[in-house]
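Contents: one structure, followed by commentary.
Chain A is the first sequence line, chain B the second, and so forth, proteins listed ahead of strands; every chain is numbered from 1.
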Amino acid sequence: MNPYAYIREQVIAMAGAMADEGVLPAGMDFANLAVEAPRDPSHGDVATNAALVLTKQAKMKPRDIAAPLAERLAGLEVVEAADIAGPGFINLRLSDDFWRARLGDVLRAGTAYGDSRIAAGEKINVEYVSANPTGPLHIGHVRGAVYGDALANLLAKVGHDVCKEYYINDAGAQVDVLARSVHLRYREALSDLGDEAVGEIPEGMYPGDYLIPVGQAMAKRDGDKWLDLDEAQWLGEFRRFSVDAMMDLVRADLASLGIEQEVFFSEESLHRDGGIDSALAALQDKGLIYTGVLEPPKGKTPEDWEPRPQTLFKSSQFGDDVDRPLRKSDGAWTYFAADIAYHHDKVERGFKQMVDVWGADHGGYIKRMNAAVRALSNDQGRLDVRLCQMVRLLRGGEVVRMSKRAGNFITLRELVDEVGRDVVRFMMLTRKNDAPLDFDFELAMEQSKDNPVFYVQYAHARIHSVLRRVADEMPDLAVDMETLREADLSGLTDSAELDLIKQMATWPRAVEIAAQAREPHRIAFYLNELASAFHALWNKGNAEPKLRFIMAEDGGMTQARLALIQGVALVLASGLAIMGVEPVEKM
RNA sequence: GCGCCCGUAGCUCAGCUGGAUAGAGCACUGGAUUUCUAAUCCAGAUGUCGCAGGUUCGAGUCCUGCCGGGCGCGCCA
């Protein structure tokens, strides 16, 4: 049971009853009525703004509504006290028994505790990473990868039917460059001279060593059949072969972070199979495509600007600043045209809700994509573009400088190899996605409470340490899950113990809030607080031996305490699962 | 010039979509260790929430205008 949702139901039911009796007017709207834990715990366990929200509709003073409502609430068995405070808040203190029963909820649900049905069965598409298939993933891709993956988990937790997707930009000129670079490595592989064969990699080619095995693989598969042909004859095959190889690389990089997407959608397939034609035909039918001339962009006119009639999409009709071109001057489709077709395909696949995770430098594209989705879906679909800000790498307080030209970009794989998957994932989720993030190598590896990854995992490991220990110290005591679920919890009376339960009871709500805001970082903050409450109780046991989890002379108390910390472990584990971090049992 | 994001304690940041006296951590000071892993905990201070208006019972949160920082601004992806 979600205690806040439960109390809210009660409040609404009572307000309804008051309406029936004529104390309040009939037919009031309760949408804004909130029941939450007050910021200040001294105000009680839960608070409601009911009287304040209803004051206008009822045309009554807040306190005149609050008084009779509080009186009724006080009559509930679980309510110990109902006070009116401030401008008209009703503060409730709930019985300890009520809270102890919430621990039972946690133990019965297991890691499914916090699962919600607010989005039950709603299909949603989450597209993330979508890096160009021209090389391994690097540091710039990591945050979006982790954010997108955690968001997908979070959305699934609240009931969404989530499709995790990657858009392969395999149609642009960068793929020609890739194919030529691989052809170079192919020639190199067939030459007796080895690396010497191609010498310096020419300007405008990809110099990375990761293409050497790709060239070798091609040489092994096809021998010298492409060696003396014109580019036009080998380019297509080299494009396909190279993109496949790069996507294998990308998938392996993602796997090292524990990311596995279900759909890999090829941009090239849109060009090949008529996807662009059909998407634009759909827009054409709606009268949203025309030929026109755009104004030059203000403030930064390109030198070679010349007004030119273009094929344009009326994105300005859907909130964009100007209409956007669909064809390049050479007649080829723009990237935007392909992207329209891609989202058209998503709409056709039945997605009304779509999330795209992009780098902050693509912010300028949001309006036109939103416009396109609205147009393609007859305003039924909704695209939510989430931007991830830059990650700054620090080593010992110094910013790690990287440049693409110098080729010293830190790859995703290097990062994971150095600090580990769990650290990377957790750290990337310790900030709001649209705020810049500093990633400090030294802090990431530090084993102290300053390191949030460690702090949370340590709490989980500590709990399992106790569970291992009790097996040694009290071998005859039953501590399996089934037993703990039925344990008598009435011995849990200390404020630190009840605080821990109350903290756990906010988990389902924390999940829903994070999911609605699409902000998985909130999960990281929640886990930090829960871990903190647990560490506090642990230390209280050092000062007061009566509060220790293992009470060798009192099996019943030990079971109650173990039930408590097992509950904490379950909530920590279910939160870490959303983040994609392993809940370690031993450190 | 235009658009988007950001501005909260000395530093790094939360702030539950409008609630009560705006919170953590770091740093600083003092304290707890024959431990269920002290890898931790407890106690102590600080704020014109960038500025100015507006909306209302109530604004860090919503609206408008400024100021400051970041990103972007036909045909690259």
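Remark: A:Arg522 is in phosphate contact with B:rG15, judged by side-chain N or O atoms under 4.0 Å from OP1 or OP2. Checking the phosphate oxygens (OP1, OP2) of B:rC13, a side-chain nitrogen or oxygen of A:Arg431 falls inside 4.0 Å. Of the side-chain N and O atoms in A:Lys328, one or more sit less than 4.0 angstrom from OP1 or OP2 of B:rA77. Close to B:rC75, at under 4.0 Å from its OP1 or OP2, lies no side-chain N or O of A:Thr334. A:Arg509 has a side-chain polar atom (N or O) that falls below the 4.0 Å cut-off from OP1 or OP2 of B:rU17. A:Arg324 has no side-chain polar atom (N or O) that falls below the 4.0 Å cut-off from OP1 or OP2 of B:rC75. A:Lys586 has no side-chain polar atom (N or O) that falls below the 4.0 Å cut-off from OP1 or OP2 of B:rU37. Phosphate contact (OP1/OP2 of B:rG15, side-chain N/O of A:His521, threshold under 4.0 Å): present. Between A:Tyr455 and B:rC41 there is a side-chain polar atom (N or O) within less than 4.0 angstrom of OP1 or OP2.
Aromatic rings of A:Tyr6 and A:Tyr4 (six-membered ring for Trp) have centroids beyond the 6.0 Å cut-off, not under it. Taking the six-membered ring wherever Trp is involved, the centroid distance between the rings of A:Phe265 and A:Tyr166 does not fall below 6.0 Å. The aromatic ring centroids of A:Tyr342 and A:Tyr167 lie less than 6.0 Å from each other. Ring centers of A:His535 and A:Tyr455: under 6.0 Å apart, within the cut-off.
If you check every strand for non-hydrogen atoms under 4.0 Å, A:Pro325 touches sugar and phosphate atoms only. When heavy atoms are screened at a 4.0 angstrom cut-off, A:Ile550 is found touching base atoms of the nucleic acid. Residue-level contact check: A:Asp434 touches the backbone only, with heavy atoms under 4.0 Å from sugar-phosphate atoms and none from bases. At the heavy-atom level, A:Arg469 lies under 4.0 Å from the strands shown only through sugar-phosphate atoms. Residue-level contact check: A:Lys367 touches the backbone only, with heavy atoms under 4.0 Å from sugar-phosphate atoms and none from bases. Using a 4.0 Å heavy-atom criterion, one finds that A:Pro452 contacts no nucleic acid atom at all. No contact: A:Ala34 has no heavy atom under 4.0 Å from any strand. No contact: A:Thr55 has no heavy atom under 4.0 Å from any strand. Heavy atoms of A:Glu306 sit under 4.0 angstrom from at least one base atom. Among the atoms of the strands shown, base atoms are found under 4.0 Å from some heavy atom of A:Met587.
Nucleotides B:rG23 and B:rU46, compared at atom C1', are 13 Å apart to the nearest Å. When the C1' atom is compared between B:rC67 and B:rG30, the two are found 43 Å apart, to the nearest whole Å. Nucleotides B:rU29 and B:rG68 place their P atoms 39 Å apart, quoted to the nearest Å. One P atom belongs to B:rC42, the other to B:rA24, and the distance between them is 11 Å to the nearest Å. Taking the C1' atom of each, B:rG47 and B:rC13 are spaced 15 Å apart, rounded to whole Å. When the C1' atom is compared between B:rG58 and B:rA22, the two are found 15 Å apart, to the nearest whole Å. Separating the C1' atom of B:rC6 from that of B:rC49 is a span of 14 Å, rounded to the nearest Å. The same atom, C1', is picked in B:rG7 and in B:rG19; the two are 23 Å apart, to the nearest Å.
Using a 4.0 Å cut-off between charged nitrogen and carboxylate oxygen, A:Arg392 and A:Asp438 count as a salt-bridge pair.
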Only Watson-Crick and G-U wobble pairs with both distances less than 3.5 Å should count. Give RNA chain B in dot-bracket notation, marking inter-strand partners with |. (((((((..((((.....[...)))).(((((.......))))).....(((((..]....))))))))))))....
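In this structure, A:Phe454 counts as stacked on the base of B:rA39 under the 5.5 Å centre distance and 30° plane angle limits. Residue A:Phe89 and nucleotide B:rG19 are not classified as a stacked aromatic pair, given the requirement of ring centres less than 5.5 Å apart at an interplanar angle below 30°. Applying the 5.5 angstrom centroid cut-off and the 30 degree plane-angle cut-off, the aromatic ring of A:His43 is stacked upon the base of B:rA20.
Closest-nucleotide positions on RNA chain B for A:Ala543 and A:Lys540 were compared, and the one nearer the 5' end corresponds to A:Ala543. Of the two residues contacting RNA chain B, namely A:Ala85 and A:Leu547, the nearest-nucleotide position lying further toward the 5' end is that of A:Ala85.
Annotated as anti: B:rU48, whose O4'-C1'-N torsion sits more than 90° from 0.
No more than 12 heavy atoms of other residues, nucleotides or ligands lie within 6.0 Å of CE in A:Met390, so this atom counts as exposed by the packing criterion.
Between the side chain of A:Tyr526 and the base of B:rA14, no donor-acceptor pair under 3.5 Å is found. Donor-acceptor pairing under 3.5 Å, judged by distance alone, is present between the side chain of A:Asn91 and the base of B:rA20.
Side chain to side chain, A:Trp358 and A:Ser130 fail the donor-acceptor criterion of an N or O pair below 3.5 Å. A donor-acceptor contact closer than 3.5 angstrom links the side chains of A:His343 and A:Asp356. Donor-acceptor pairing under 3.5 Å is lacking for the side chains of A:Arg522 and A:Tyr526.
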